[in-house]
Amino acid sequence: MNQVHWSDVMAQRLAERGQDHIVATGITPSGEFHIGHLREILTGDMIVRAARKAGLKAQLVFVVDNADPLRKVYPFLSDAYQAFIGHQLGSIPAPDNDGHPDWKRFETEGRSYADHFLEPFLEALAQIGVHPTLLPNLDAYQSGKFAASTKRACDDPAAIREIIERVSGRELPESWFPWQPLDSQGSLDGVSVTGYEYPLVHWTDAHGVEGSSDITKGEGKLPWRLDWPAKWGFNGITCEPFGKDHGAAGGSYDTGKEIARFFGHEPPLPLTYEWISLRGQGAMSSSTGNTVGPIEALALVPPEILRFLIANSKPNKAIEFDTGMGLVNLADEFERWSARDLEAELSDASLSRRQRVQLEDSAAALALASPDIEKAVSATSVSFRHLALLAQIKTSDAEVWASLAASHNVEDPTDELRDRLRRMRTWIDSTHFPEEMRITVLSTPSKQALEALSPELRPVIKHLHVALSDHPWTNEGITAAFKFAAESSQTSMRQLYRTCYAVFMGQERGPRLGPILANCDRTTMLDLTLACSQMV
RNA sequence: GGGCCUGUAGCUCAGUCAGGUAGAGCGUCGGACUUUUAAUCCGAUGGUCGCGGGUUCGAACCCCGUCGGGCCCGCCA
């Protein structure tokens with residue numbers, strides 16, 4: 001069988017390199033995590049799954065870059081963080097609700113800035129079925145794992161400098177040294193290296209203080225372009241997906257490749273992926289607050305839908321995340337696919353190569369979408385659209401299940417379905433829910449909708465008003481009134497409904513009106529109908 | 001300046017690596033269900049594959065050029 005899904009292609013390439021694999025992902029916990037970061041880790045997770053499917057041994061690791069310094073005081077931080085700029089994220093206190101440093105928890109529990117942002121992300125990962133081995137980078141420095149590579153670099157800074165300058169095309173300052181020592185205050189900024197005798201790097205800091213940094217004890221860190229290839233080595237990384245920022249020519253992967261070999265190991269198999277942007281708002285960025293967090297996204301959609309989004313998009317394809325109609329369409333697409341018997345469809349010998357590839361690709365994406373690798377997500381047979389509708393009309397869950405029992409043969413709602421309804425209600429209450437999907441009954445006539453109505457339908461409104469006035473204000477009564485109005489005005493039911501939607505909802509189509517109108521005030525609705533009939 | 005990704009049906013995208021009759025889903029339109037809980041089912045509609053050249057018996061696919069979109073080359077997934 002051909003390898004069609006991107007994850008299978010990666011697995012195949014890994015198989016050519018060996019049997020044992022460690023797939024790495026890495027993120028700097030400098031601010032709130034967002035679904036862009038989810039692409040990083042899910043891409044890794046899916047490669048691991050594909051590799052195991054191909055009979056390889058594979059493990060997912062998540063390098064937490066908590067040795068990276070705080071770059072600036074982000075909008076969600078108080079000015080107190082000014083003092084921490086340049087300090088490592090794993091060694092400064094987390095912000096509290098007001099953005100002030102929470103010294104108490106930092107001192108009693110050791111809860112760092114990095115932990116603060118990492119925790120909710122890990123929670124989201126658990127929900128989404130990703131269970132990576134965590135590798136906090138600060139610990140790696142402190143336990144001396146970087147020592148060997150660091151020594152290699154510090155023993156021959158010119159070689160490293162040559163690689164970076166040649167490959168990236170940028171010139172490094174004269175003072176550049178392949179180790180950034182922590183200064184007298186614990187900052188990585190503004191430190192000048194004055195000498196090196198293994199294992200000590202001597203420095204003078206911005207405060208005029210002099211000191212020495214032991215590279216085997218993590219009293220500093222490697223610059224990013226060395227940090228990355230160094231940890232490929234001691235962690236035995238064989239594959240790593242990364243964002244396009246690292247993948248650019250002359251970027252950190254390019255220099256990393258050569259530096260890794262200088263350190264004495266092969267670089268991992270790369271996979272560059274595109275970024276996720278928010279529809280209409282550009283790239284997501286933790287620092288600007290232009291984000292949708294994984295937790296927030298999971299409150300709205302089930303994990304399998306998020307996984308499906310990543311699995312079904314080729315890594316080099318930019319994703320526009322849309323919490324409105326895009327999500328509805330995505331969810332319904334997932335639902336349709338999972339309801340199909342792809343196995344059976346693929347056994348059809350008359351399929352063209354093209355059709356076959358498409359089916360196989362979707363089948364692979366669908367399998368990867370399940371948070372639980374052991375079990376495929378079963379089709380709920382209820383579309384997102386339909387559930388959105390029911391959730392708006394029925395106030396209690398019991399009514400929703402009763403309706404589904406009648407219309408969709410759902411006797412006993414599965415846990416999956418209950419879960420979906422719960423998320424659906426959250427979504428409807430949020431600002432993300434698309435207006436297009438929102439059921440609104442008008443209180444004043446929609447001039448626009450009435451004008452859009454074909455001329456021969458306008459007189460029908462009068463019949464409608466009469467019929468509604470004469471029938472009981474119940475679901476059955478209203479439905480009977482519709483029928484009566486259609487007969488007395490010689491209109492087909494289809495056309496009558498079109499008229500009704502224009503009158504009551506200002507739209508061309510909509511859900512069954514009987515039950516909805518029955519929940520509305522009779523007088524208000526009759527007044528609305530009358531007003532409409534007088535307008536046309 | 002250097003480089004990467006991208007342009008295929010109204011929309012979202014497969015198909016490009018291994019050239020062989022242009023594919024899905026959505027949407028739209030029509031029909032069915034004695035008309036609809038935006039449902040479901042059936043059917044139809046729809047593309048000079050950005051543009052121009054070249055290679056080839058044959059090009060969406062390979063090569064050259066060109067235009068448009070996104071992005072990277074200090075940090076960012």
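Quick note on labels: first sequence line is chain A, next is B, and so on, each numbered from 1.
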Considering residues at least two apart in sequence or located in another chain, which fulfil the side-chain contact (heavy atoms from CB on, under 4.5 Å) criterion with R161(A)?
E165(A), L172(A), W176(A)
Please write out the pairs of protein N or O atoms and N or O atoms of nucleotides 20-23 of chain B separated by less than 3.5 Å, giving the distance to one decimal.
{"residue": "G23(B)", "atom": "O2'", "partner": "Q358(A)", "partner atom": "OE1", "Å": "3.0"}
{"residue": "G23(B)", "atom": "N2", "partner": "Q358(A)", "partner atom": "NE2", "Å": "2.8"}
{"residue": "G23(B)", "atom": "N3", "partner": "Q358(A)", "partner atom": "NE2", "Å": "3.3"}

Taking the same atom, C1', in G19(B) and in C61(B), what whole-Å distance lies between them?
6 Å
Between I319(A) and L389(A), which has a closest nucleotide on RNA chain B that is more 5'?
I319(A)
I'd like to check the side-chain hydrogen bond (donor to acceptor under 3.5 Å, both in side chains) partners of S112(A); sequence neighbours left out, ordered by chain and number.
D115(A)
When you measure from the side-chain N and O atoms of T28(A) to the phosphate of A77(B), is any distance below 4.0 Å, counting only OP1 and OP2?
yes
U6(B) OP1/OP2 closer than 4.0 Å to side-chain N/O of N316(A):
yes
Is the F121(A) ring parallel, tilted or perpendicular to the F33(A) ring (thresholds 30°, 60°)?
parallel
Sequence-distant partners of Q392(A), side-chain hydrogen bond (donor to acceptor under 3.5 Å, both in side chains), two or more places apart
none
Roughly how far apart, to the nearest Å, are A38(B) and A22(B) at atom P?
39 Å
Do the ring planes of H246(A) and F242(A) sit parallel (below 30°), tilted (30 to 60°) or perpendicular (above 60°)?
perpendicular
If you only use heavy atoms from C-beta on, which nucleotide in A38(B), A77(B), C75(B) is closest to the side chain of P511(A)?
A38(B)
Kindly write out the residues that satisfy side-chain hydrogen bond (donor to acceptor under 3.5 Å, both in side chains) with R39(A), not counting sequence neighbours, or none if the list is empty.
none
Please report, rounded to the nearest Å, how far the P atom of A39(B) is from the CD atom of Q392(A).
15 Å
Whole-Å distance between A38(B) P and R498(A) CZ?
15 Å
So, is K72(A) near the phosphate of C75(B), with a side-chain N or O under 4.0 Å from OP1 or OP2?
no
Using whole Å, what does the distance between atom P of nucleotide G27(B) and atom CG of D332(A) come to?
9 Å
It should be established whether R336(A) places a side-chain nitrogen or oxygen under 4.0 Å from OP1 or OP2 of nucleotide C26(B).
yes
With sequence neighbours excluded, residues passing salt bridge (charged side-chain N to carboxylate O under 4.0 Å, His left out) with E240(A)
none
Can you tell me which stems RNA chain B forms when a stem means 3 or more consecutive Watson-Crick or G-U pairs under 3.5 Å?
B:1-7 with B:67-73, B:10-13 with B:23-26, B:28-32 with B:40-44, B:50-54 with B:62-66
Find which nucleotide of RNA chain B each of R13(A) and H386(A) is nearest to by heavy atoms, and output the residue with the more 5' nucleotide.
R13(A)
Interatomic distance, E335(A) CD vs U40(B) P [rounded to whole Å]
11 Å
Please enumerate all residues that pass side-chain contact (heavy atoms from CB on, under 4.5 Å) together with L366(A), with sequence neighbours excluded.
F308(A), F334(A), W337(A), S338(A), L342(A)
Distance check, P atoms only: A44(B) and U35(B), in whole angstrom units.
25 Å
Taking the P atom in each of G50(B) and U12(B), what is the distance between them to the nearest angstrom?
15 Å
Using the P atoms only, state how far U28(B) lies from C11(B), rounded to an integer number of Å.
14 Å
Which part of the nucleic acid, if any, lies within contact of F334(A), taking any heavy atom under 4.0 Å across all strands shown: a base, the sugar-phosphate backbone alone, or nothing?
nothing
Between A77(B) (C1') and F62(A) (CZ): distance, integer Å:
10 Å
Separation of L330(A) atom CG from A24(B) atom P, in whole Å?
21 Å
Please report the distance, rounded to the nearest Å, between CZ in F308(A) and P in C13(B).
13 Å
Among all residues two or more places apart in sequence or in another chain, which pass the side-chain hydrogen bond (donor to acceptor under 3.5 Å, both in side chains) test with S396(A)?
E399(A)
Determine the interatomic distance between P on G15(B) and the same-named atom on G7(B); round to the nearest Å.
10 Å
Using the P atom as the reference point in each nucleotide, state the distance between A18(B) and C64(B) in Å, no decimals.
15 Å
Rounding to an integer number of angstrom, what distance separates G69(B) and U8(B) when you compare their P atoms?
14 Å
Excluding sequence neighbours, so at least two apart, what forms side-chain contact (heavy atoms from CB on, under 4.5 Å) with I22(A)?
Q59(A), V61(A), I237(A)
Between CG of L359(A) and P of A14(B) the distance, given in whole Å, is 16 Å
Contact pattern, 5' to 3', of nucleotides 68-74 of chain B - B, S or - by protein heavy atom under 4.0 Å
---SSSS
Parallel, tilted or perpendicular: rings of Y74(A) and F76(A) (30°, 60°)
parallel
Which atom pair, heavy atoms only, marks the closest approach of R13(A) to L269(A)?
CB-CD2, 3.7 Å
Does a side-chain N or O of K314(A) approach OP1 or OP2 of G15(B) to a distance below 4.0 Å, or not?
yes
With sequence neighbours excluded, tell me which residues meet side-chain contact (heavy atoms from CB on, under 4.5 Å) with A153(A).
I160(A), P178(A), L226(A), F263(A)
